[in-house]
Q: 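Here it is, the structure, as structure tokens.
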2 protein chains.
Amino acid sequence: MSTEKVFAALGDETRLELVRRLTVGGPQRTLDLVAGLEMSRQAATKHLEILEGAGLVKSEKSGREVLRSLDPEALDAAASWLAKRAMEWDDRLDRLKMMLESD
Amino acid sequence: MSTEKVFAALGDETRLELVRRLTVGGPQRTLDLVAGLEMSRQAATKHLEILEGAGLVKSEKSGREVLRSLDPEALDAAASWLAKRAMEWDDRLDRLKMMLESD
DNA sequence: ATATTATGCAATCAAGAGGTTGCATATGGA
DNA sequence: TCCATATGCAACCTCTTGATTGCATAATAT
């Protein structure tokens with residue numbers, strides 16, 4: 001579950017839309033997810049496999065159907081990565097500000 | 001500052017490394033940032049421009065040098081996006097769990 | 001003034017990403 | 001059983017991305 005893979009998976013408008021749909025609509029089949037998107041089922045499948053490869057989506061087979069759902073852990077991990085950097089940077093700016101004020 | 005652009009910008013190992021270096025080392029010139037990375041200066045410049053296009057990095061010209069630094073706002077925005085989805089999904093799982101337990 | 005340093009611009013190239021189509025497979029319903 | 005449905009697999013194509021090289025420009029140092 002590399003940070004790079006997670007961000008790369010989310011760096012595509014189609015896949016962001018799929019994540020939104022999974023967030024709102026819960027576990028769904030490929031055909032449900034692709035409905036309304038202007039692309040073939042196979043294109044959507046590839047996107048879902050990329051999201052799965054990044055750990056963002058899990059799939060469960062049920063008969064001839066495959067239900068995909070979001071896995072919040074990878075989302076949390078990516079959010080932490082970002083938050084850590086934002087925090088460290090804010091600290092740096094604060095220290096800089098204090099140094100300037102002490103003159 | 002689109003969500004997609006931010007994630008796409010972070011979805012590359014080289015650019016993640018540049019963000020790490022900017023987090024730790026503060027504002028730096030292109031040549032400082034590329035030092036140790038096995039790539040040309042121009043390659044690094046392109047990566048930095050992508051980060052800048054996503055709003056993650058700001059650049060300030062000083063004489064013949066260009067100093068690049070992190071902009072924490074975009075990092076915060078992306079972290080919020082992820083946190084929101086993780087939260088919504090956790091709520092969904094909780095509701096599902098309660099429904100199952102009430103049987 | 002001249003040389004050095006830091007960067008920008010442009011052409012070029014190989015590899016990968018995103019998409020399509022056609023066919024194969026397997027499950028569910030009539 | 002027979003047909004419709006949901007998906008997987010694979011070949012193929014185009015456009016984008018990441019990277020390189022060579023040259024131009026502008027600021028600093030000697």
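Below, each value reflects all heavy atoms present in this structure, side chains not excepted, and no hydrogens, waters or symmetry copies. Sequence lines set the chain letters: A, B, ... in the order given, protein chains first and strands last, and positions in each chain run from 1. The structure displayed is predicted, hence computed values, not measured ones.
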Q: Looking at DNA chain C, which of residues 13-40 of chain B put a heavy atom within less than 4.0 Å of it?
A: B:Arg29, B:Thr30, B:Leu31

Q: Check each residue of residues 57-66 of chain A for a non-hydrogen atom within less than 4.0 Å of any atom in DNA chain C, then write out the ones that pass by number, or none.
A: A:Gly63, A:Arg64

Q: Grab the CD-P distance between A:Glu4 and D:dT17 for me, whole Å please.
A: 15 Å

Q: Can you tell me which residue pairs pass the ring pair (Phe, Tyr, Trp, His ring centres under 6.0 Å) test with a partner in residues 32-68 of chain B, sequence neighbours excluded?
A: none

Q: Could you give the start and end, 5' to 3', of the contact zone on DNA chain C for chain A, using atoms under 4.0 Å from its heavy atoms?
A: C:dG18 to C:dG28

Q: With ring pair (Phe, Tyr, Trp, His ring centres under 6.0 Å) as the rule and sequence neighbours excluded, what pairs involving residues 49-81 of chain B come up?
A: B:Phe7-B:Trp81

Q: Heavy-atom nearest nucleotide on DNA chain C for A:Arg41 versus A:Asp12: which residue maps closer to 5'?
A: A:Asp12

Q: Mind checking what makes side-chain contact (heavy atoms from CB on, under 4.5 Å) contact with A:Ala8, not counting sequence neighbours?
A: none

Q: Are B:Arg21 and B:Glu17 ion-paired here, with the side-chain N under 4.0 Å from a carboxylate O?
A: yes

Q: Taking NZ from B:Lys46 and C1' from D:dT21, how many angstroms apart are they, rounded to a whole number?
A: 11 Å

Q: Please identify each residue that fulfils side-chain contact (heavy atoms from CB on, under 4.5 Å) with A:Ala35, with sequence neighbours left out.
A: none

Q: List the residues meeting salt bridge (Lys or Arg N to Asp or Glu O under 4.0 Å) with B:Glu4, not counting sequence neighbours, and say none if there are none.
A: none

Q: Taking salt bridge (Lys or Arg N to Asp or Glu O under 4.0 Å) as the cut-off, I'd like each qualifying pair that reaches into residues 5-16 of chain B, sequence neighbours left out, listed once.
A: B:Glu13-B:Arg20

Q: In chain order, what residues pass the side-chain contact (heavy atoms from CB on, under 4.5 Å) check against A:Ser80, with sequence neighbours excluded?
A: none

Q: Classify the nucleic acid contact of B:Leu67 as base, sugar-phosphate or nothing, counting any heavy atom under 4.0 Å across all strands shown.
A: nothing

Q: Can you sort out the partners of B:Asp32 under salt bridge (Lys or Arg N to Asp or Glu O under 4.0 Å), two or more places apart, ordered by chain and number?
A: B:Arg29

Q: Please collect all salt bridge (Lys or Arg N to Asp or Glu O under 4.0 Å) contacts where either partner lies in residues 38-59 of chain A, sequence neighbours excluded, each pair once.
A: A:Glu52-A:Arg68, A:Lys58-A:Asp71

